[in-house]
2 protein chains.
Amino acid sequence: MRSQSTTDGGLAQAVIRRFHALRPLSDEAVGALEQAILEGLFRAGPGEDLVAEGDPIDSVRIVLSGWLYRHKTLEDGRRQIVNFILPGETCDAHAYLLSTIDHSITTATPVTYAEIKRARFEKLMASERTLAEAFMCETLLNNAIQREWAINLGRRAALEKVAHLFCEIYERLRPVGLVDGNSCSFPVTQMDLADATGLSVVHLNRTIQELRATGLITLRERTLTIADLDALKSAALYSPNYLQLYRQV
Amino acid sequence: MRSQSTTDGGLAQAVIRRFHALRPLSDEAVGALEQAILEGLFRAGPGEDLVAEGDPIDSVRIVLSGWLYRHKTLEDGRRQIVNFILPGETCDAHAYLLSTIDHSITTATPVTYAEIKRARFEKLMASERTLAEAFMCETLLNNAIQREWAINLGRRAALEKVAHLFCEIYERLRPVGLVDGNSCSFPVTQMDLADATGLSVVHLNRTIQELRATGLITLRERTLTIADLDALKSAALYSPNYLQLYRQV
DNA sequence: TTCCGGCATTTCAATAGGTTAACGAGCCGC
DNA sequence: GCGGCTCGTTAACCTATTGAAATGCCGGAA
């Protein structure tokens with residue numbers, strides 16, 4: 001199912017815009033990145049493992065369209081989604097330095113991505129300073145998000161967890177132009193959502209009902225609509241600090 | 001209380017050994033790092049904030065002795081410790097790229113650390129390739145640990161959580177020579193432990209009693225002793241993959 | 001059209017973990 | 001030596017969340 005693709009579709013533009021928001025890029029950097037992306041386009045269907053825990057890594061992937069998630073599984077099957085990877089985001093900016101990877105990456109939807117081989121990537125980093133900084137910021141941002149997930153999983157109540165996740169995803173989709181008014185695509189099952197928030201499917205479902213009942217959100221046909229973002233944020237005890245990198249957007 | 005220090009004490013050696021385990025360092029890199037460390041030694045007492053959420057950052061800190069923790073707090077006071085920082089580890093390898101930091105860093109014990117100013121650090125990175133890679137690995141390892149904490153907080157049961165934390169800390173102290181047989185220093189209060197595992201203090205206490213009762217651990221006078229590491233790991237559903245960087249130790 | 005599998009939903013009983021409160025030990029300043 | 005702190009511990013009670021199981025919906029394959 002995974003296949004090389006030759007279509008472009010201007011998708012690279014959104015990626016570049018987001019990178020630019022992370023860190024100002026020089027014109028040369030933009031050109032070089034764009035070229036590298038267009039040279040290695042691939043597609044994958046939904047439910048495919050791009051990376052499995054324990055794999056060695058030798059390239060960097062940038063997502064042009066579609067959702068993926070990082071996850072880990074315990075021996076007995078309990079699964080935790082530790083993060084989502086959204087369009088414009090990077091899978092493993094420097095992970096080739098590690099011998100093997102500690103988690104799996106699976107597509108939640110059909111995905112288009114660009115793959116840059118390690119050697120090529122390192123050359124890019126060496127020649128384009130602003131690009132190297134942008135990828136560094138990408139990694140740091142990832143880190144910050146991961147920390148916020150820790151407090152989400154450890155200290156927030158069920159309703160707050162789910163509300164917080166909705167707020168975060170919405171804010172992360174914004175800089176790539178994937179929010180439309182107060183709604184955005186939200187193509188994951190409730191089982192995935194449960195595994196991302198550390199809840200059981202049953203309780204996650206109840207929690208979503210509750211969010212619907214209070215009129216905070218609508219979630220239907222894979223589309224999330226947030227009636228009142230401020231109200232949702234307040235219900236989630238959401239603090240925007242950790243996504244500050246996007247401030248320039 | 002925070003004060004510049006001029007004592008050396010050979011502490012830098014442990015740091016260097018650990019870095020070397022992360023990534024092989026050239027002799028020049030070792031020398032340069034050692035010098036940078038010795039030029040900026042500081043001390044802090046217990047319970048001091050080295051970094052507060054929202055601060056701008058303009059230096060890198062390497063811990064020579066003592067424990068710290070990263071934490072975030074919700075408006076209503078709920079707190080989550082998102083990670084510990086142990087001797088030999090680095091506070092914020094590249095964080096100066098971000099405008100402000102998303103979490104606080106507080107000392108749990110008296111701490112000795114080296115502070116390297118941004119300009120100095122960047123020069124080091126530019127001139128010593130192996131050192132730059134080592135710091136990169138440090139950041140990636142941090143990331144991996146953070147992901148493991150996500151599954152710990154989201155999917156493990158109380159006993160597993162605490163057991164897992166014990167295993168992880170033990171394994172992280174090992175490469176810096178801070179484990180002595182089957183025990184190591186463990187200088188944090190049960191309240192801290194509760195905030196690290198996402199439990200209430202009361203339940204954390206109950207859980208520790210249980211671990212004691214089953215003979216898996218002893219925790220007395222700030223010292224943790226692990227009777228049977230394999231048994232503890234198995235109780236924790238511990239998988240060592242995510243700390244693989246230390247494999248060479 | 002029919003069957004099937006994935007997904008959302010609901011119900012109900014069971015429980016892991018939270019909350020509140022109280023007590024004792026050790027330690028510090030006075 | 002006396003309060004007043006922090007920290008660990010225990011008890012009793014309570015609830016948020018889990019787990020198992022059944023139902024209905026929908027879209028795809030035959």
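All values derive from a computational prediction rather than experimental measurement. A note on names: the letters A, B, ... follow the listed sequences, proteins ahead of strands, and every chain is numbered from 1. In what follows, every heavy atom counts, from backbone to side chain, and hydrogens, waters and symmetry copies are set aside.
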Item checked: D:dG8 phosphate, OP1 or OP2, under 4.0 Å from B:Arg222 side-chain N/O -> yes
Item checked: Side chain of B:Leu199 - closest among C:dG18, D:dC7, D:dT18 -> C:dG18
Notebook entry, point to check: Taking atom C1' of D:dT9 as reference, at what distance in whole Å does atom CG of B:Leu193 sit?
Noted result: 15 Å
Check: Between the side chains of B:Glu168 and B:Trp149, does any donor sit under 3.5 Å from an acceptor?
Finding: yes
Set out, line by line, the N/O atom pairs under 3.5 Å between protein and nucleotides 11-16 of chain C.
none

Notebook entry, point to check: What's the CD-P distance between A:Glu221 and C:dG6, to the nearest Å?
Noted result: 21 Å
Checklist line | Donor on one side chain, acceptor on other, A:Asn142 and A:Glu138, under 3.5 Å | finding: no
Next item on the list: Could you check how far CD of A:Glu210 sits from P of C:dT10, rounded to whole Å?
Entry: 13 Å
Next item on the list: Would you indicate, yes or no, if D:dT18 has its OP1 or OP2 atom less than 4.0 angstrom from a side-chain nitrogen or oxygen of A:Arg78?
Entry: no
Note to self: Can you measure A:Arg156 atom CZ to C:dG18 atom P for me and round it to whole angstrom units?
What the structure shows: 17 Å
Notebook entry, point to check: Quick one: are A:Gln80 and A:His71 in side-chain contact, heavy atoms under 4.5 Å?
Noted result: no
Check: Based on Watson-Crick and G-U pairs with both distances under 3.5 Å, what dot-bracket line describes DNA chain D 5' to 3', crossing pairs as [ ] and inter-strand pairs as |?
Finding: ||||||||||||||||||||||||||||||
Item checked: Between D:dT17 (P) and A:Gln209 (CD): distance, integer Å -> 16 Å
Item checked: Any A:Asn205 side-chain nitrogen or oxygen under 4.0 Å from OP1 or OP2 of C:dA8 -> no
Notebook entry, point to check: When you match A:Gln190 and A:Arg155 each to their closest nucleotide on DNA chain C, which lands nearer the 5' end?
Noted result: A:Gln190
Check: Rounded to whole angstrom units, what separation is found between the CE atom of B:Met191 and the C1' atom of D:dG8?
Finding: 13 Å
Check: Quick one: B:Leu204 CG to D:dC7 P, roughly how many Å, whole number?
Finding: 14 Å
Next item on the list: Please work out which of the three classes, parallel, tilted or perpendicular, describes the rings of A:His164 and A:Tyr238, given edges at 30° and 60°.
Entry: tilted
Checklist line | Exercise: do A:Ser183 and A:Asp180 side chains pair donor with acceptor under 3.5 Å | finding: no
Next item on the list: Might you point out which heavy atoms bring A:Ser59 and A:Glu115 nearest each other, and give the distance in Å?
Entry: OG-OE2, 3.3 Å
Checklist line | A:Asp192/A:Arg79 ion pair, N-O < 4.0 Å | finding: yes
Next item on the list: Take atom CG of A:Asp195 and atom P of C:dC7, then tell me their distance rounded to the nearest Å.
Entry: 12 Å
Check: Just checking A:Arg220: base, sugar-phosphate only, or nothing, at a heavy-atom cut-off of under 4.0 Å?
Finding: nothing
Margin query: Under 3.5 Å, is there a donor on one side chain and an acceptor on the other for A:Thr106 and A:Asp49?
Written below: yes
Next item on the list: Could you check whether B:Gly47 gets within reach of a base, just the sugar-phosphate, or nothing at all, counting any heavy atom under 4.0 Å?
Entry: nothing
Check: Looking for any heavy atom pair under 4.0 Å, which part of the strands does B:Thr189 touch: base, sugar-phosphate only, or nothing?
Finding: sugar-phosphate
Notebook entry, point to check: Hey, does B:Arg61 have a side-chain heavy atom less than 4.5 Å from the side chain of B:Val51?
Noted result: yes
Notebook entry, point to check: Checking A:Arg156 side chain against A:Ala236 main chain: does a donor-acceptor pair fall under 3.5 Å?
Noted result: yes
